Every structure is written in structure tokens, then in C-alpha cells.
Amino acid sequence: MKEVTLSLLTGIVVGFLFTLFRLPIPAPPALAGIAGIVGVYLGMKIFEWISYFWK
């Protein structure tokens with residue numbers, strides 16, 4: 001839970017600073033970004049599940 005809280009706080013600070021300095025946000029569009037993150041996580045979990053059977 002500590003990692004999630006620190007990640008959220010870091011994201012808020014970065015978003016604030018980028019907006020303050022009128023820079024483009026370093027993330028893809030909202031839904032596409034979330035889908036990409038979920039996809040990467042699911043890919044990792046699928047690999048871990050498959051590699052369990054390869055051992």
C-alpha cells in the first residue's frame with residue numbers, strides 16, 4: 001500500500017509541476033494510458049503463470 005500511495009503522490013506532484021510550467025503531460029491520453037498499464041501488468045502475470053508450468 002505504501003508503494004501505491006507514493007506513486008499516487010509522485011504523479012500528483014509531477015502533474016502539478018508540468019501544468020505549472022505549461023509543459024505537455026508525460027502520459028498518453030487517459031483511457032489509452034490506463035489500458036496500456038493494465039496490459040503490461042496482465043502480460044507480466046500471464047508470463048509468470050505460463051513460466052510456472054515450464055519449470
Side-chain angles (χ1 to χ4, degrees):
M1 187 66 178
K2 182 179 178 181
E3 292 174 342
V4 174
T5 303
L6 290 174
S7 294
L8 180 61
L9 290 174
T10 302
I12 290 170
V13 170
V14 168
F16 181 87
L17 291 174
F18 271 67
T19 304
L20 176 68
F21 293 113
R22 300 179 196 269
L23 298 170
I25 297 295
L31 184 56
I34 293 169
I37 292 168
V38 170
V40 168
Y41 180 77
L42 290 175
M44 177 194 72
K45 287 300 184 182
I46 290 169
F47 178 83
E48 288 176 351
W49 182 74
I50 290 172
S51 67
Y52 173 77
F53 294 107
W54 283 345
K55 293 180 181 181

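Model, not experiment: these values are computed from the prediction. Residue numbers run from 1 in the order of the sequence given.
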Identify whether [X] and [Y] are in the same connected component of the hydrophobic contact network (ILVMFWY, side-chain heavy atoms under 4.5 Å).
| X | Y | result |
| --- | --- | --- |
| F21 | F16 | yes |
| W54 | I46 | yes |
| L17 | L23 | yes |
| Y41 | I37 | no |
| M44 | V40 | no |

Query raised in the report: Pick one: which of T10, V14, L8 meets side chain to side chain contact (heavy atoms under 4.5 Å, CB included) with I12?
Result: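 Considering T10, V14, L8, a side chain to side chain contact (heavy atoms under 4.5 Å, CB included) with I12 is found only for L8.
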
Query raised in the report: Within a radius of less than 6.0 Å around CD of E3, do more than 12 heavy atoms belonging to other residues, nucleotides or ligands occur?
Result: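 12 or below, so no.
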
Report task. List in chain and number order the residues that pass ring pair (Phe, Tyr, Trp, His ring centres under 6.0 Å) with W49, two or more places apart in sequence or in another chain; answer none if no residue qualifies. Result ->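 With sequence neighbours excluded, W49 shows a ring pair (Phe, Tyr, Trp, His ring centres under 6.0 Å) to F53, given in chain and number order.
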
